[in-house]
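Input: a single structure, listed below in structure tokens.
Side-chain atoms are counted along with the backbone in the values below, which use heavy atoms only and exclude waters and symmetry mates. The sequence lines fix the lettering, A, B, ..., with proteins before strands; numbering per chain opens at 1.
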There are 2 protein chains.
Amino acid sequence: MPPGLPRDVPVRGETLDATARRVLRNSVSVHEQYLEQLYTLNVPEVANRWSIIVGYIALVSSTTGPVASDAITWSPTEALTHIGESDRMVIDYAVVRLRAKLGYTNIAFHLLPPTFTLTELQNAYETILARRLDKRNFRRRMIASGILDETSDKRRDGSHRPAALYRFRADLDTATYLTPHWSDPADGANTT
Amino acid sequence: MPPGLPRDVPVRGETLDATARRVLRNSVSVHEQYLEQLYTLNVPEVANRWSIIVGYIALVSSTTGPVASDAITWSPTEALTHIGESDRMVIDYAVVRLRAKLGYTNIAFHLLPPTFTLTELQNAYETILARRLDKRNFRRRMIASGILDETSDKRRDGSHRPAALYRFRADLDTATYLTPHWSDPADGANTT
DNA sequence: ACAAAAGTGTTCATTCTACACCCATGA
DNA sequence: TCATGGGTGTAGAATGAACACTTTTGT
């Protein structure tokens, strides 16, 4: 794949979201993921063509598709060199938005298997926010937020106490807005 | 003016922001205002033309330009009938964003004269948020937020105690991100 | 029995909310 | 002196942060 974010031009009659899904599918061979429009920006004219880019952010679950791993991994975006300045801005903005939304939506759902332990959930939060969280406070707030359902199952893995399995509440849509269940004092800056 | 939001097509080589400014200038005869991109959306094909709309929100100060009034007025957006569904969505989204940003930026600056009283500032917040705020709490939080500078002047108008005049801190840019100085428990939903 | 991760409560500091009266002025 | 809007403090509730030990399992 050439350096830079995957992109393409829309097809006649296609919605913007559909285009974004198609571009993603072509570049990562994954579909049915969470999609959100980010920002629309100009790019310098090349070959005498005026054009704009409509940026999207996509979350891909680590259990469906080619990304197979127990833990959420976060490819440090700083490591992405050889990309254009526009792409860099888009990515940085995406990270800010993602971190902010973590606090008041259930988008983390898209980064976890359908059923998961609280420790796994905390790991996801910690990797995205890039800082450690207090276990007891994290659990209390997550439970209190009401976005989780506890299942009756437990996960046994290794010689230690089994962990209770949770799932995200089924009646909530892909990116439901909730009463804030997390505030990140670290990067005090908010969304957009 | 025909019903609906003002719009136009970009000119070759023009940035998106420049287009937005031009459209605004043509429709309201005002410039040098706060501009922010909102969202990009598809519109149904008309006359066999596939097109998209890049929505912008603009704040116009009530002291410059044709809008002359001491008080901030808020034209209820519900009253805007005879507009398309796309426009309705754009406007509703704009209101949500504006309300959220009120809490952690200094954008209210663009709605007030260069120098203003705390009561005027509170009125601006109340009209935009569409609810009453507690005077003492509002003042305390605003002062504590550090986005204001107190001037040595006072405003005398009417037979009552004169009000201290404030201005927004000069060293802050048009829409600086600050530590949150207002949280609105009313519509708990945050920005996108 | 021990190693390893799961699970659980309390205290203290900070922040938010609700609320009522005195102050300075012009008429 | 009175009417008008400007200006101020506090107590109680709610929320957030810090912190260490017990429980359950597999080997």
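- The CG-P distance, from Leu133(B) to dA18(C), rounds to 11 Å in whole Å.
- A donor and an acceptor atom sit less than 3.5 Å apart, one in the side chain of Arg136(B) and one in the base of dA20(C).
- When every heavy atom of Leu133(A) is checked against every heavy atom of Gln122(A), the shortest pair comes out as O-NE2, 3.0 Å.
- Across the protein-nucleic acid pair, Met142(A) atom CE and dT8(C) atom C1' stand 18 Å apart, rounded to whole Å.
- Atom CD in Gln122(A) sits roughly 14 Å away from atom P in dA5(C) (whole-Å rounding).
- Shown here is Arg132(A), whose CZ atom has no more than 12 heavy atoms of other residues, nucleotides or ligands within 6.0 Å.
- Counting distance only, with no hydrogens placed and no angle test, the side-chain atoms of Arg141(B) and the base atoms of dC16(C) include no donor-acceptor pair under 3.5 Å.
- Taking both residues in full, the closest heavy atoms of Ile107(A) and Leu102(A) are given as CD1-N, 4.1 Å, listed atom of the first, atom of the second, then distance.
- Following rounding to the nearest Å, Arg156(A) (CZ) and dT27(D) (C1') show an atom-to-atom distance of 16 Å.
- Asp157(B) has its CG atom 10 Å from the C1' atom of dT4(D), to the nearest Å.
- For Asp149(B) (side chain) and Arg167(B) (main-chain N/O), no donor-acceptor pair under 3.5 Å exists by modelled atom type.
- One interatomic measurement links the two molecules: CZ of Arg155(B) to P of dG7(D), which rounds to 11 Å at whole-angstrom precision.
- In this structure, Arg139(A) reaches the dG7(C) phosphate: one of its side-chain N or O atoms is under 4.0 Å from OP1 or OP2.
- Rounding to whole angstrom units, CD1 of residue Ile143(A) and P of dT15(D) are separated by 17 Å.
- Here Thr117(A) lies out of heavy-atom contact (under 4.0 Å) with every strand.
- Judged by closest nucleotide on DNA chain D, His160(B) is the one of His160(B) and Tyr166(B) placed further toward the 5' end.
- Side chain of Tyr34(A) to backbone of Phe109(A): no donor-acceptor contact under 3.5 angstrom is found.
- Side-chain proximity of Asp134(A) to the nucleotides dC19(C), dC19(D), dA27(C) is greatest for dC19(D).
- Looking at the side chain of Asn137(B), the nearest of the listed nucleotides dA18(C), dT25(D), dA27(C) is dA18(C).
- Projected onto DNA chain D by closest heavy-atom contact, Leu118(B) and Arg140(A) fall at different nucleotides, the more 5' of which corresponds to Leu118(B).
- The listed nucleotides are dG6(D), dG26(C), dA6(C); the one nearest the side chain of Arg161(B) is dG6(D).
- Rounded to an integer number of Å, the gap from Phe138(B) CZ to dC16(C) C1' is 16 Å.
- The side chain of Pro162(B) lies closest to dT25(C), out of dC19(D), dG6(D), dT25(C).
- Checking the phosphate oxygens (OP1, OP2) of dA4(C), no side-chain nitrogen or oxygen of Ser159(A) falls inside 4.0 Å.
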